[in-house]
Amino acid sequence: MVTSENLKAALSDQIKKWPTQPGVYIMKDVTGRILYVGKAKNLRNRIRSYFQAPEKLTPKTRVLVKKIYQLEFTVTHTELEALLLECNLIKKHRPRYNVRLKDDKNYPYVVLDFTHPFPQFRVTRKITPSPALRYFGPFSGGIRDISRFLLKTFQIRDCSDSKFKNRTRPCLNYEIGTCTAPCVDYVSQTDYAEQVEEAILFLKGRKQALVQTLRKQMEEASDKWEYEKAKNIRDKISAIDRITEKQNAVLTEKQRDIDVIGVFEGEQELSIAVLFIRNGFLTGRRTLKIPLTLDSLEQTILEFLQQFYLVSLIPDEIWVATDFEERLLLEKMLAERSQKKLSIRVPRTEQPLRLLGMAYENAKLIYLDQKNKTTISGAEELQRVLNLAEAPQTIEGIDVSNLQGKNPAIALVHFSDERPLKSRYRLYYPKTVEGQNDFAMIHEVVTRRFSKPDPPPPDLLLIDGGKGQLASAERALKDLGVDIPILALAKSRTKSAFTRKNIEKTEERIFIPNRKNPIILKETNPALRLLQQVRDEAHRFSVVSHRRRRKKMMLDESILKDIPGIGETTRLKLLKHLGSLTAISEANFETLIDAGLTRSQAEAVLDGLSKKTSEEE
């Protein structure tokens with residue numbers, strides 16, 4: 001048996017052989033799950049610091065060290081390479097003891113896509129670095145109003161390239177005055193480029209330059225007796241004045257994109273407020289709460305900035321209140337990622353300090369407000385109810401969906417920090433089970449899921465069902481030698497004696513191994529609500545996948561199957577847009593084009609449907 005003393009001695013001997021170059025180190029527990037990812041200038045010296053006298057370590061670090069079962073390292077040529085690798089590994093594995101942004105969902109941006117001669121406007125939350133894409137924002141609120149304003153005022157198209165290419169007449173947007181119909185050559189490329197430049201001036205906050213340009217155009221149109229055109233430009237100026245009248249500049253000396261970072265240190269966590277300043281105007285803010293990492297406050301801020309700017313647009317400047325050791329290294333990494341000059345500054349002048357103070361006060365107020373409202377989390381209550389060693393950070397749920405044994409689909413969903421992590425969702429189809437046998441399907445799926453070390457097992461496994469489903473999953477884990485907490489959640493049942501008496505409803509029941517009677521929790525219990533959320537999400541995912549598979553089989557046997565040039569993707573696109581096979585069979589050419597088909601595909605569908613109708617007659 002491996003004791004903690006023997007393990008510590010073995011790890012200490014291993015560390016003596018570690019290199020002294022820069023690189024990244026990974027700490028794993030006995031199940032192979034990654035606990036912590038860190039970087040170091042000197043790998044050997046850095047990892048040694050974790051195995052010094054326990055009284056010199058922070059309480060959180062002492063807990064981590066007790067869990068370490070395996071250590072790995074990757075040597076890099078430079079510290080910058082180590083920083084990049086660390087950032088990517090944290091994003092991929094989301095280790096328990098690293099900074100984890102609980103909400104990777106980004107604020108919306110306006111993007112102009114210059115990959116087409118007539119650039120397209122759209123709203124997005126995902127940043128894709130490309131010289132052909134130009135982003136503006138983020139916008140913390142009112143994005144729909146801004147979107148409508150851009151369409152109505154500057155008349156930039158928002159249709160897809162596929163629809164643009166196949167239009168033969170203007171769409172409804174042209175009729176209502178929100179597009180100049182470049183798809184049918186109603187506007188020249190030069191005139192359309194002027195519309196785009198005006199929109200860019202507005203989005204960059206350069207109202208004065210934009211209004212001056214428009215006033216000049218209005219005067220020129222009036223001099224040429226083009227009064228309708230002059231009136232439209234006048235209306236455009238009025239619309240710009242209305243939407244910008246409430247905006248006041250908070251920074252007059254710098255017309256650049258700046259993010260101001262405010263940090264308030266609470267108990268075991270940081271409250272962070274990011275103010276978005278675009279060309280001198282405060283366009284929004286974002287607040288986040290993150291746990292303190294093993295090291296210093298500065299190290300936590302460094303990890304936060306790494307993760308935050310993986311999903312957010314990188315500005316021209318980032319302002320922080322306190323300096324940290326690897327500021328210049330992070331600055332270089334973000335500059336390479338954004339492919340532009342960037343500076344991370346610690347300002348000392350009056351205006352920037354006032355904004356840093358504003359960001360700090362925002363972070364502090366958000367922390368205090370949430371602290372007053374804070375109740376015990378679902379994970380913490382699960383720890384208490386199930387008598388777990390720790391609150392489960394990751395939970396996986398399994399649900400079986402089938403219809404009379406046909407087309408069964410088994411869904412596995414993954415929750416991290418009580419939120420769904422859809423990149424870890426999986427869908428299984430039975431390989432060894434025939435017919436309707438939920439117990440055998442669960443045994444097969446659990447075996448397939450945990451027979452591989454990657455991805456690592458969750459802190460808790462939830463099975464949708466009762467004692468039988470739990471026993472099947474438990475037996476599969478035992479056969480694999482995998483030891484993780486597991487439970488089954490059975491839906492509430494309705495009891496009725498087929499009389500006129502009031503119908504009674506039972507509570508949700510939680511079954512765990514080695515316990516005869518289920519655990520019953522109140523409906524308001526946060527642990528039960530978390531389990532219900534995981535169970536319901538697994539059920540939703542399995543049902544949606546099951547329907548998709550049935551729809552695919554239906555399409556394979558449909559009237560579209562043998563039409564040349566019409567594959568599965570196109571058939572699904574048509575069914576999604578038109579709703580039914582009947583609607584597809586009754587569609588005309590324009591309807592098919594609106595559904596996203598090319599002209600040749602639309603003609604092929606119509607020809608194919610016509611031939612099949614003739615054959616049936």
Side-chain angles (χ1 to χ4, degrees), residues 84 87-88 91 104-139 143-144 146-167 171 173-174 178-206 209-210 213 255-259 276 278-279 283-284 308-318 331-343 569 573 593 596-599:
L84 286 166
C87 184
N88 291 332
K91 178 68 176 178
D104 282 348
K105 189 177 180 181
N106 214 340
Y107 277 140
Y109 294 84
V110 171
V111 59
L112 282 169
D113 186 348
F114 287 90
T115 56
H116 194 278
F118 292 94
Q120 172 198 10
F121 149 80
R122 64 177 183 269
V123 175
T124 183
R125 291 180 183 270
K126 187 176 181 181
I127 302 297
T128 306
S130 169
L133 301 177
R134 192 163 180 182
Y135 293 89
F136 302 90
F139 299 95
I143 187 61
R144 290 188 179 182
I146 293 171
S147 176
R148 282 194 291 266
F149 173 80
L150 289 171
L151 289 172
K152 187 174 181 180
T153 306
F154 302 106
Q155 299 177 301
I156 299 173
R157 74 179 184 95
D158 64 344
C159 58
S160 67
D161 289 347
S162 174
K163 286 187 177 182
F164 181 95
K165 180 181 178 181
N166 291 287
R167 293 301 306 183
C171 66
N173 284 349
Y174 172 78
T178 60
C179 182
T180 49
C183 54
V184 289
D185 297 326
Y186 278 22
V187 62
S188 68
Q189 193 169 338
T190 303
D191 291 341
Y192 189 84
E194 289 181 5
Q195 296 171 214
V196 172
E197 285 301 318
E198 290 172 3
I200 290 173
L201 286 174
F202 170 77
L203 290 168
K204 290 178 69 175
R206 296 179 60 186
L210 173 59
T213 301
Q255 301 298 308
R256 307 187 70 191
D257 291 349
I258 302 169
D259 286 357
F276 303 119
R278 300 296 180 257
N279 292 285
T283 62
F308 184 74
Y309 287 110
L310 270 179
V311 295
S312 302
L313 189 65
I314 300 173
D316 301 319
E317 293 185 12
I318 299 170
E331 184 180 287
K332 188 175 180 181
M333 184 191 85
L334 294 179
E336 286 190 4
R337 182 177 296 161
S338 62
Q339 298 180 345
K340 67 179 181 181
K341 188 177 179 181
L342 165 83
S343 67
T569 302
K573 184 192 295 185
I593 291 296
L597 269 64
T598 63
R599 296 178 64 84

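Being a predicted model, the structure only gives us computed values, none of them experimental. Residue numbers count from 1 along this sequence.
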- Query: If you measure from CG on Asn166 to OG1 on Thr598, what distance do you get to the nearest 0.5 Å?
  - Reply: 5.5 Å
- Message: Once rounded to the nearest 0.5 Å, what's the spacing between atom OG of Ser343 and atom CG of Leu334?
- Response: 11.0 Å
- Within 45° of the six-membered ring axis of Phe136 and under 6.0 Å from that ring's centre, is NZ or CZ of Arg278 located there? no
- Message: Counting C-beta onward and ignoring hydrogens, is there a side-chain heavy-atom pair between Arg122 and Asp113 closer than 4.5 Å?
- Response: yes
- Shortest non-hydrogen contact between Pro182 and Phe118, atoms and distance: CB-CD2, 3.4 Å
- Might you point out which heavy atoms bring Tyr174 and Ala181 nearest each other, and give the distance in Å? CD1-CB, 3.6 Å
- Task: Could you list the residues that satisfy salt bridge (Lys or Arg N to Asp or Glu O under 4.0 Å) with Asp191, not counting sequence neighbours?
- Result: none
- Task: Rounded to the nearest 0.5 Å, what's the gap from CD on Glu331 to CD on Glu336? Could you check?
- Result: 11.5 Å
- Message: If I take atom SG from residue Cys183 and atom NZ from residue Lys163, how far apart are they, to the nearest 0.5 angstrom?
- Response: 11.5 Å
- Message: Side chains of Arg337 and Leu310, heavy atoms from C-beta outward: is any pair under 4.5 Å?
- Response: yes
- Message: Under a 3.5 Å threshold, yes or no: a donor from one side chain and an acceptor from the other, between Gln195 and Thr180?
- Response: yes
- Euclidean distance, Lys332 NZ relative to Leu342 CG, rounded to 0.5 Å: 13.5 Å
- Item | For Lys165, all residues meeting salt bridge (Lys or Arg N to Asp or Glu O under 4.0 Å), sequence neighbours excluded | none
- Query: Mind checking whether Gln120 and Asp161 have side chains closer than 4.5 Å, heavy atoms only?
  - Reply: yes
- Query: Between the side chain of Tyr109 and the main-chain N/O of Arg134, is any donor-acceptor distance below 3.5 Å?
  - Reply: no
- Note on the structure: Sorted by chain and residue number, the salt bridge (Lys or Arg N to Asp or Glu O under 4.0 Å) partners of Asp158 (sequence neighbours excluded) come out as none
- Can you find a pair of side-chain heavy atoms, one from Pro315 and one from Phe276, that are under 4.5 Å apart? no
- Item | side-chain contact (heavy atoms from CB on, under 4.5 Å) partner of Tyr135, chosen from Leu112, Val110, Leu313, Asp257 | Leu313
- Search all heavy atoms of Pro108 against all heavy atoms of Val123 and return the closest pair with its distance. CB-CG1, 3.9 Å
- Message: Any non-hydrogen side-chain atom of Phe114 less than 4.5 Å from a side-chain atom of Val196?
- Response: yes
- For the atom pair SG (Cys179) and CZ (Arg157), what is the distance rounded to the nearest 0.5 Å? 8.5 Å
- Side-chain touch Ile318/Tyr309, heavy atoms, less than 4.5 angstrom: yes
